[in-house]
> 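My questions will all concern the structure given below.
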Amino acid sequence: MTKLPKWIQSLFMMNVGHTYSNLSRLFLRQFTGLMFLQLGVRQMLHLEEFAHSSMGAIATANDSTIIAIVVIEIVCAVFIILGLFTRLALIPSIGVMIYAETMLPSLAVGAKQMFFFEPGYPIMFLGIFVFMMLAGPGKISLDYLVAIHTISEKDDEESEVLEKA
């Protein structure tokens with residue numbers, strides 16, 4: 001049996017238990033939030049075309065529904081990027097992706113390419129949003145700062161709870 005070089009052992013084997021979970025959550029929040037924001041801005045810039053192409057998709061699709069979708073995408077994306085009220089912002093985002101997945105098959109081909117994405121992208125966003133809902137925003141977020149501030153005002157022993165998170 002051959003012995004692995006030291007640099008391979010130290011890089012891949014010795015640090016197996018060491019993780020950068022807070023940095024990973026920050027990256028995932030930033031990347032997904034920017035993608036979600038880009039989607040909302042693109043739809044906002046072409047709102048009339050987007051509304052026209054999605055009108056027959058679902059019986060409830062009308063101008064106010066389309067405007068609500070765009071506002072939810074933009075506002076929730078900003079909250080996700082900042083890590084402020086992250087779990088609360090994920091609830092309507094998950095709803096929009098469920099709506100997009102049900103609406104996508106009935107959109108025209110041009111509308112799919114211009115405003116949404118290929119089939120499967122809403123499911124990908126759903127998976128990421130559910131993961132973020134379960135994992136939380138991490139310590140590199142405004143949610144964490146708000147939690148620290150709230151606990152420090154209570155003067156309880158709850159600060160130990162945050163250190164374990």
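Along the sequence shown, residues are numbered consecutively beginning with 1.
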> Which distance, rounded to the nearest 0.5 Å, do you find between the CD1 of I67 and the CD1 of I72?
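Between I67 CD1 and I72 CD1, I get 12.0 Å after rounding to 0.5 Å.
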
> Got a sec, which residues hit ring pair (Phe, Tyr, Trp, His ring centres under 6.0 Å) with F27, two or more places apart in sequence or on another chain?
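Ring pair (Phe, Tyr, Trp, His ring centres under 6.0 Å) list for F27, sorted by chain: F31.
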
> Just verifying a value: how many Å separate L142 CG and L84 CG, rounded to the nearest 0.5 Å?
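L142 atom CG to L84 atom CG measures 5.5 Å (nearest 0.5 Å).
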
> Search all heavy atoms of R87 against all heavy atoms of L134 and return the closest pair with its distance.
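Reported closest heavy-atom pair: NH2-O, 3.4 Å.
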
> Please check this pair: side chain of D143 against backbone of G138, looking for a donor-acceptor N/O pair closer than 3.5 Å.
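Not confirmed, D143 side chain does not pair with G138 backbone.
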
> Is any side-chain heavy atom of Y144 closer than 4.5 Å to one of N22?
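The answer is no, as the side chains (C-beta and beyond) never meet within the 4.5 Å cut-off.
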
> In residues 74-83, what donor-acceptor pairs under 3.5 Å come from side-chain atoms, sequence neighbours left out?
none

> So do the side chains of R29 and S141 get within less than 4.5 Å of each other, counting heavy atoms only?
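Yes; the side chains approach each other to less than 4.5 Å.
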
> Look at the side chain of R25 and the backbone N and O of M132, then say whether any donor-acceptor pair between them is shorter than 3.5 Å.
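Side chain of R25 to backbone of M132: no pair is present.
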
> Compare all side-chain heavy atoms of I128 with those of M124 and state whether any distance is below 4.5 angstrom.
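I128 vs M124: side chains touch.
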
> Could you tell me which residues satisfy side chain to side chain donor-acceptor pair (under 3.5 Å) with S93, sequence neighbours excluded, listed by chain and number?
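S93: no side chain to side chain donor-acceptor pair (under 3.5 Å) contacts found.
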
> Looking at CD of E73 and CG of L37, how far apart are the two atoms once the value is rounded to the nearest 0.5 Å?
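E73 CD to L37 CG: 9.5 Å, rounded to 0.5 Å.
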
> Can you pull the side chain to side chain donor-acceptor pair (under 3.5 Å) pairs that have at least one residue in residues 123-134, sequence neighbours excluded?
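Qualifying pairs: none.
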
> Q30: what forms a side chain to side chain donor-acceptor pair (under 3.5 Å) with it, not counting sequence neighbours?
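So Q30 forms no side chain to side chain donor-acceptor pair (under 3.5 Å) with any residue.
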
> F36: what forms a ring pair (Phe, Tyr, Trp, His ring centres under 6.0 Å) with it, not counting sequence neighbours?
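Expected list: F125, F129.
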
> I need the H149 NE2 to I151 CD1 distance, nearest 0.5 Å.
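Here the rounded value is 11.5 Å.
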
> Check whether any side-chain heavy atom of I123 sits under 4.5 Å from a side-chain heavy atom of E101, and report yes or no.
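Side-chain contact under 4.5 Å: yes.
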
> Measuring from atom CD1 of I91 to atom OG1 of T86, what distance do you get when rounded to the nearest 0.5 angstrom?
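One finds 11.5 Å between CD1 of I91 and OG1 of T86.
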
> Is any side-chain heavy atom of I94 closer than 4.5 Å to one of M133?
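A side-chain contact under 4.5 Å exists here.
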
> Would you compute the distance between atom CG of L28 and atom OG of S21 and round it to the nearest 0.5 angstrom?
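The CG atom of L28 sits 12.0 Å away from the OG atom of S21.
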
